[in-house]
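First the proteins, then the strands, lettered A, B, ... as listed; each starts at 1. Just so it is clear, the model here is predicted, and its values are computed rather than measured.
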Amino acid sequence: MAESIDPNLLKKTKCERKHVLPDLPGAVEGKVVMRMAPGPSGPLHIGHTRVSILNDEYVKRYKGKYINRLEDTNPEKIDPEAYKMIPEDLKWLGVHVDETVIQSDRFEIYYDIARQLIDLGKAYVCTCPAEPWRQMKEAGKECPHHSQTREEAHELFDRMLSHGFGEEEAVLVVKTDLKHPNPAVRDFVGLRIVDSVPHPRTGDRYTVYPMMNLSVAVDDHLLGLTHVIRGKDHLNNTLRQEYIFNYFGWKKPWYHHYGLVHIPEAILKTSTIHKGIRSGEYSGWDDVRLGTVRAMAKRGIQADAIRNYWLDVGMKDVDIEFSWDNLYAFNKQIIDPVADRYFFVWDPECLEIVGVDRLESRSPLHPDHPERGTRDHSLTAPIRVLMTREDLEGFRERGTVRLKDLCNLRWEGGKGVYTGSDHNVLREGVKISHWAPADGVEAEVFMPDGSVRKGVAESIPASETGKVVQFERFGFVRIDSTSPRVRAYFTQ
RNA sequence: GCUCCCGUAGUGUAGUGGCCAAUCAUGAAGCCCUCUCGAGGCUUCGACUCGGGUUCAAAUCCCGACGGGAGCACCA
């Protein structure tokens, strides 16, 4: 029995213990319908990835349906590019979308529901200015329109639809309970008018726009959502939306609200990024200083690292602090075993090697996987290599150095005198440095803080383009191009 | 001001009345290994917000305080 066990199974692997997401109440395999509902104001950022991945995990677990619903009901905050970028980002994240719904295709549906709400006596058209209306609500008092008849409401609503009102002149309000102790839940606006800005998809054809709480409730019902997972910031919205479900007697989905995430040191606001891109401050949505999904990708953060991070965090309703350290740790787990190693010398200084005519080096692409091959260099007199300024300084002070995979040197008159190639000198306390051939390629590494580290690298094959490699003693980077110079983005 | 949610190490997480002098990861420090300041191995540091109850027994249940977050938009 014991001898039949594969020894590999006994090997202790790191991070064995994974937190498993709890089962969803009432989830039936094949029947689960979940969604993500981003506003198309820009591409996805790291904050969006939690909701997309949690929903995706459950849909996969229950073999359900994943709906990507683009909530484009505020024409002022739409970036037409986002209709394309969001699906790209989801695909990169490994989120499988079964169905895409765009709310601006569904105006007539929302109008129809609005009419039904009027029929039920649960909605009225209010022509009060916004501020007094708010104050009355705060005081728990009805506005003069609250008690209008259904006929009046229908007439006014028709007038809204036929452009009989301008922007801010009339709204359709959904009644809840003006005496509700929670002021956030009292009567809310269901549809409003926007005619100053055309909609990127529907132009000026529709000027009566549903507000989120109406369109979300309607679509969650009509699309057959069974489980809704989203952030705690929607807690009060859920309370409002439930009024609509109750008025129509619709079956409510199971709701779960996870805690808010504070993401430190991240630039996420689409308006800020938009401005930065226009002014030339940022190179684009994938500028590595940004917190967008595409910036993560460009830096070499793996989609599965992001997924594993959120699975580890789970669904708790505690507010949390996003940890870049932890994300990087998950990322390193994935990239370290596959990233080839190369030398990159930052702040390069030239050193001449004397006392030998020819040097050969052979370094493994990966120290733990010699079968992947080697990177070889042949240097002939006059031999010149590059070292970082700091390493060269250390060499001068100590008088000795080991150049990794190449040779040992003694400092003499500003040059390196060849003293052999046996790496066992390391046991005697000789320090090791990496190096690059003097005719190596120029390289620049773009750091997430916007700075650039310049130097020289050994030549890197074009096949590494797009992959993450490790610049030894520097860090992991994603190679963007290999010629005429190496261009890379710092991963971690 | 009102309402709601939450409170385990620096960070994330396990824990749902006794097996908790509290798990795992991350982080930091140190050692071993290694021709990288990577990876791997080992060790150490570090937490149940506080105060009252209930109970033979509480991180776990109840109450209060304190602390954090969100909402009270004709944004999503």
Practice problem: Could you tell me which residues satisfy ring-ring contact (aromatic ring centres under 6.0 Å, His included) with H221(A), sequence neighbours excluded, listed by chain and number? | Solution: W250(A)
Quiz prompt | Listed partners of H369(A) passing ring-ring contact (aromatic ring centres under 6.0 Å, His included), at least two apart | solution = H366(A)
Any base atoms under 4.0 Å from [X], or only sugar-phosphate, or nothing? Heavy atoms, all strands.
X	value
D405(A)	base
P40(A)	nothing
E71(A)	sugar-phosphate

Rounded to whole Å, how long is the line connecting atom [atom1] of [X] with atom [atom2] of [N]?
X	N	atom1	atom2	result
R186(A)	G71(B)	CZ	P	17 Å
W435(A)	C35(B)	CH2	P	17 Å
F471(A)	U36(B)	CZ	P	18 Å
Y328(A)	G12(B)	OH	P	17 Å
F330(A)	G27(B)	CZ	C1'	13 Å

Counting only side-chain heavy atoms from C-beta out, which of [options] sits nearest to [X]?
X	options	value
N74(A)	A76(B), C37(B), U34(B)	A76(B)
K404(A)	G12(B), G38(B), C35(B)	C35(B)
N182(A)	C4(B), G38(B), U36(B)	C4(B)
P367(A)	U36(B), U26(B), A73(B)	U36(B)
I432(A)	U36(B), C2(B), A14(B)	U36(B)
D391(A)	C37(B), C2(B), C6(B)	C37(B)

Practice problem: Quick one: list whatever passes salt bridge (Lys or Arg N to Asp or Glu O under 4.0 Å) with E142(A), sequence neighbours left out. | Solution: none
Exercise. Please work out whether the ring planes of W285(A) and H274(A) are parallel, tilted or perpendicular, with thresholds of 30° and 60°.
Key: perpendicular
Quiz item: When you match H423(A) and R134(A) each to their closest nucleotide on RNA chain B, which lands nearer the 5' end?
Solution: H423(A)
Practice problem: Could you check A184(A) against N237(A) and say which one's nearest nucleotide on RNA chain B is further toward the 5' end? | Solution: A184(A)
Self-check item: ring pair (Phe, Tyr, Trp, His ring centres under 6.0 Å) partner of H434(A), the single match among W346(A), F471(A), Y342(A)
Solution: W346(A)
Quiz item: Are OP1 or OP2 of U8(B) and a side-chain N or O of K316(A) less than 4.0 angstrom apart?
Solution: no
Quiz item: Does S323(A) have a side-chain nitrogen or oxygen under 4.0 Å from the phosphate oxygens OP1 or OP2 of G27(B)?
Solution: no
In a table with atom names and distances, give each donor-acceptor pair under 3.5 Å that connects a side chain of residues 154-161 of chain A to protein atoms at least two apart or in another chain.
unit_1  : atom_1 : unit_2  : atom_2 : d
H154(A) : NE2    : D119(A) : OD1    : 2.7

Exercise. List in chain and number order the residues that pass side chain to side chain donor-acceptor pair (under 3.5 Å) with E472(A), two or more places apart in sequence or in another chain; answer none if no residue qualifies.
Key: R375(A), K404(A)
Quiz item: Between the base of G38(B) and the side chain of D368(A), is there any donor-acceptor pair under 3.5 Å?
Solution: yes
Give me the distances for all protein-to-nucleotides 65-70 of chain B N/O pairs that come in under 3.5 Å?
unit_1 : atom_1 : unit_2  : atom_2 : d
G69(B) : O4'    : D319(A) : OD2    : 3.4
G69(B) : O2'    : D319(A) : OD2    : 3.0

Quiz prompt | Strand partner of C72(B), provided both Watson-Crick or wobble distances fall under 3.5 Å | solution = G1(B)
